[in-house]
Amino acid sequence: MPRLRKRLNGTAGQDKKGPAGKRTKTKNPGEAPATVERPSPRETSALKKCGDNVSSYWLMKSEPESRLEKGVDVKFSIEDLKAEPKQTACWDGVRNYQARNFLRAMKLGQEAFFYHSNCKEPGIAGLVKIVKEAYPDHTQFEKSNPHYDPSSKKDNPKWSMVDVQFVRMLKRFIPLAELRTHHQVHKASGGPLQHMALFTLQRLSVQPLTREEFDFILSLEEKEPS
DNA sequence: GCCAACGTTGGC
DNA sequence: GCCAACGTTGGC
């Protein structure tokens, strides 16, 4: 799976993105819609808690600090997203099936938290929305890309990406440590973050959130850091 | 830099 | 299909 990892931006005009989960930016967003496959059992249980069977809220991880992957910087922070044309980038580099299937389940207009991972201060930085539904991730066919997948065929691409657009920064950065504190309290006494995927589906770079989780996290914006 | 958790690969 | 070896993720 993919994670998005990081990517760097870099050269002009190109995309960058990251590793599994990370994104890059894209230049021209592509087109081909992806077919959503049957969710794995694991995903199914993650989705189930979302009430309907399909989540409407998401969390997407990206690395805001430079890190080389096969010689390519996978850094991609929310500031990098803001700097893209139309503040829009393709989320390429996801190479994990579960995360890919979540990408394929995303619908136009849905919102996602932009999470900074593998950095000094991990946590949620801002809000983005899906502006293009899943289509083939072009980086799987690029030999020089850190996420090149020689086993993927052009007539049956394995990996997908979506395009996301910056919506806004959170009023304050919500650190992972604070989310974890709430998760632990909620686990013990009941509460919205009780089953949050960030703590129960570790290492997934694209994950679903229930409306309750999403709303609770947004409510933290107004509060003092705990 | 360390290392735990988890995923993938590949021999058998 | 099992499982050991290895690779990756990602917090600390």
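Below, chains carry the letters A, B, ... as their sequence lines are ordered, and counting in each starts from 1.
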| task | Give the nucleotide from the list dC6(B), dT8(B), dC12(C) with an atom nearest to the side chain of Tyr97(A). | result |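 Selected nucleotide (nearest to the side chain): dT8(B).
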| request: Could I get the full list of side-chain hydrogen bond (donor to acceptor under 3.5 Å, both in side chains) partners for Gln207(A), not counting sequence neighbours? | output: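 Gln207(A) satisfies side-chain hydrogen bond (donor to acceptor under 3.5 Å, both in side chains) with no other residue.
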| request: Could you tell me which residues satisfy side-chain hydrogen bond (donor to acceptor under 3.5 Å, both in side chains) with Gln110(A), sequence neighbours excluded, listed by chain and number? | output: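 With neighbours one apart ignored, the set is Trp58(A).
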| Should Tyr115(A) be listed as having a side-chain N or O under 4.0 Å from OP1 or OP2 of dG11(C)? |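 For dG11(C), OP1/OP2 do have a side-chain N/O of Tyr115(A) under 4.0 Å.
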| Can you find a side chain N or O atom of Arg100(A) that sits less than 4.0 Å from OP1 or OP2 on dG7(B)? |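 No, outside the criterion.
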| Between Glu84(A) and Lys86(A), is the closest basic N to carboxylate O distance under 4.0 Å? |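 So Lys86(A) does not pair with Glu84(A) through a salt bridge.
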| query | Ion pair present between Glu178(A) and Lys223(A), side-chain N to carboxylate O less than 4.0 angstrom? | reply |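 Answer for the salt bridge query: no.
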Whole angstroms only, please: what is the [atom1]-[atom2] distance between [X] and [N]?
X: Glu69(A); N: dG7(C); atom1: CD; atom2: C1'; result: 12 Å
X: Trp159(A); N: dT8(B); atom1: CH2; atom2: C1'; result: 11 Å
X: Leu201(A); N: dA5(B); atom1: CG; atom2: C1'; result: 13 Å
X: His147(A); N: dG7(B); atom1: NE2; atom2: C1'; result: 15 Å
X: Leu204(A); N: dG11(C); atom1: CG; atom2: P; result: 13 Å
X: Phe199(A); N: dG10(C); atom1: CZ; atom2: P; result: 13 Å
X: Leu68(A); N: dG1(B); atom1: CG; atom2: P; result: 13 Å
X: Asn118(A); N: dC12(C); atom1: CG; atom2: C1'; result: 11 Å

